[in-house]
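Read the structure below first, then the notes.
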Amino acid sequence: MRIRLVATTAVAAGALTALSAVPAQAAEYNSALKIRGIQYDAPGSDSNRCSGGNTAQEYLTIKNYSRSTTVNLKGYVVKDAAGNKFTFTASHTLQPGDYVKLRGGNGSDSDAKNVVYRDNCNFMWNNDKDTIYVYKPSGSRADVHSYTRSGSDADHNGYITYHG
């Protein structure tokens with residue numbers, strides 16, 4: 001009996017070690033809303049001028065992966081590792097399978113065109129590496145992903161897909 005107890009304890013400790021070795025960003029969150037992909041590096045030279053800049057070419061695509069639940073984005077928060085954040089303050093509904101592009105710069109939000117603008121001309125995502133967090137209105141985490149230019153963007157086009 002002592003041998004079984006030691007073996008069981010060793011297996012349990014090994015499983016616990018394996019679980020704790022998984023980084024937080026690799027966890028799957030129980031949420032219909034997930035990051036589909038990110039254009040973290042706007043094409044061309046970065047220019048955060050409100051007039052003539054290219055911050056609108058940097059965007060985060062968030063998709064409703066539910067098969068039956070409509071999600072209202074009001075109250076959801078998107079943050080980066082440095083603490084820059086955007087809160088969806090207006091109602092914007094995503095039907096099952098629908099998505100929205102959260103763009104930098106200024107523009108007119110549109111359900112029909114699946115776009116919400118941050119109304120901020122500064123770039124939110126770093127061109128070399130960053131972490132993207134999406135929080136539910138309750139404050140619980142909906143999704144998180146980290147990237148590095150060299151490790152995550154195989155074709156070096158500034159776009160990374162997470163959930164297809």
Side-chain angles (χ1 to χ4, degrees), residues 12 14-43 54-127 129-149 151-164:
L16 185 58
T17 301
L19 285 176
S20 63
V22 175
Q25 63 267 23
E28 268 306 310
Y29 293 93
N30 186 15
S31 174
L33 212 63
K34 295 194 181 293
I35 300 166
R36 181 176 180 215
I38 182 171
Q39 180 73 47
Y40 67 90
D41 187 5
N54 64 342
T55 55
Q57 299 305 309
E58 181 182 273
Y59 60 88
L60 177 69
T61 306
I62 300 172
K63 182 176 177 179
N64 179 356
Y65 285 90
S66 170
R67 293 183 183 196
S68 59
T69 304
T70 298
V71 177
N72 186 345
L73 293 176
K74 186 173 184 176
Y76 274 82
V77 175
V78 175
K79 292 174 81 172
D80 74 345
N84 297 308
K85 76 177 190 175
F86 173 82
T87 302
F88 289 91
T89 56
S91 290
H92 189 97
T93 56
L94 295 180
Q95 302 298 321
D98 202 6
Y99 66 91
V100 66
K101 286 185 178 179
L102 175 60
R103 292 189 176 275
N106 297 310
S108 297
D109 296 350
S110 170
D111 279 339
K113 293 183 180 180
N114 295 330
V115 66
V116 172
Y117 287 88
R118 290 186 16 249
D119 291 329
N120 183 326
C121 297
N122 293 321
F123 290 98
M124 185 165 180
W125 312 112
N126 294 328
N127 289 349
K129 64 182 178 178
D130 212 335
T131 301
I132 310 154
Y133 303 91
V134 178
Y135 292 95
K136 298 177 183 181
S138 66
S140 64
R141 195 174 284 171
D143 203 8
V144 61
H145 289 280
S146 294
Y147 66 85
T148 62
R149 175 183 288 281
S152 308
D153 188 3
D155 58 6
H156 304 290
N157 67 353
Y159 186 83
I160 301 168
T161 300
Y162 294 109
H163 300 279

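Considering all non-hydrogen atoms of both residues, Ser66 and Ala32 come closest at CB-CB, 3.6 Å. In terms of heavy-atom proximity, Lys79 sits nearest to Val77 at CG-CG1, 3.7 Å.
Applying the disulfide (SG to SG under 2.5 Å) definition to pairs two or more places apart or across chains, none involves residues 65-94. Applying the ring pair (Phe, Tyr, Trp, His ring centres under 6.0 Å) test to pairs two or more places apart or on separate chains, those with a residue in residues 70-95 are Phe86-Phe88.
Between Val100 and Leu94 there is a side-chain heavy-atom pair separated by less than 4.5 Å. Taking 4.5 Å as the limit, some side-chain heavy atom of Glu58 sits within range of a side-chain heavy atom of Met124. Between Val115 and Arg103, the closest side-chain pair of non-hydrogen atoms falls below 4.5 Å. Using a 4.5 Å cut-off on side-chain heavy atoms (C-beta onward), Val78 and Tyr133 make no contact.
For the atom pair CG (Asp80) and CG (Asp130), the distance works out to 4.5 Å, reported to the nearest 0.5 Å. Separating the CD1 atom in Ile160 from the CG atom in Asp155 is a distance of 9.5 Å, to the nearest 0.5 Å. Taking CD of Gln95 as the start and OG of Ser68 as the end, the distance is 11.5 Å to the nearest 0.5 Å. For the atom pair CG of Leu102 and CG of Asn114, the computed distance is 12.5 Å after rounding to the nearest 0.5 Å. The line from OG1 of Thr55 to CZ of Phe123 is 5.5 Å long, rounded to the nearest 0.5 Å. Remark: Asn84 CG to Asn126 CG distance equals 8.0 Å, nearest 0.5 Å.
Here the side chain of Asn64 pairs a donor or acceptor atom with the backbone of Thr69 at under 3.5 angstrom. Proximity of a side-chain donor or acceptor of Asn106 to a complementary backbone N or O of Cys121 within less than 3.5 Å is not detected. Distance alone, capped at 3.5 Å, places no donor-acceptor pair between the Ser140 side chain and the Lys136 backbone.
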Report the C-alpha distance between Leu60 and Ile132 in whole Å, list the side-chain angles of each, state the deciding distance to 0.1 Å, and finish with yes or no for side chain to side chain contact (heavy atoms under 4.5 Å, CB included).
-> CA-CA 9 Å; Leu60 177 69; Ile132 310 154; 3.9 Å; yes
From CA spacing to verdict: side chain to side chain contact (heavy atoms under 4.5 Å, CB included), Thr131, His145 | CA-CA 6 Å; Thr131 301; His145 289 280; over 6 Å; no
Worked verdict on His163 versus Asp143 for side chain to side chain contact (heavy atoms under 4.5 Å, CB included) | CA-CA 11 Å; His163 300 279; Asp143 203 8; 3.3 Å; yes
Residue pair Val71, Thr93: steps toward the side chain to side chain contact (heavy atoms under 4.5 Å, CB included) verdict | CA-CA 6 Å; Val71 177; Thr93 56; over 6 Å; no
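Partners of Asp41 according to the side-chain contact (heavy atoms from CB on, under 4.5 Å) rule, which considers only residues two or more places apart in sequence or in another chain, are Asp46, Asn127, Arg149. Residues passing the side-chain contact (heavy atoms from CB on, under 4.5 Å) test with Ser91, sequence neighbours excluded: Asn72, Lys74. Legend: residues meeting side-chain contact (heavy atoms from CB on, under 4.5 Å) with Pro43, ordered by chain and number and at least two apart, are Gln39, Gln57. Taking the side-chain contact (heavy atoms from CB on, under 4.5 Å) definition, one finds that Ser108 meets it with nothing, sequence neighbours left out.
Note on ring orientation: taking the six-membered ring where Trp is involved, the planes of Tyr159 and Tyr59 are tilted (angle from 30° to 60°).
Among Tyr147, Tyr162, Trp125, the single residue meeting the ring-ring contact (aromatic ring centres under 6.0 Å, His included) criterion with Tyr40 is Tyr147.
The neighbour count for Lys129 NZ, taken as heavy atoms of other residues, nucleotides or ligands under 6.0 Å away, does not exceed 12.
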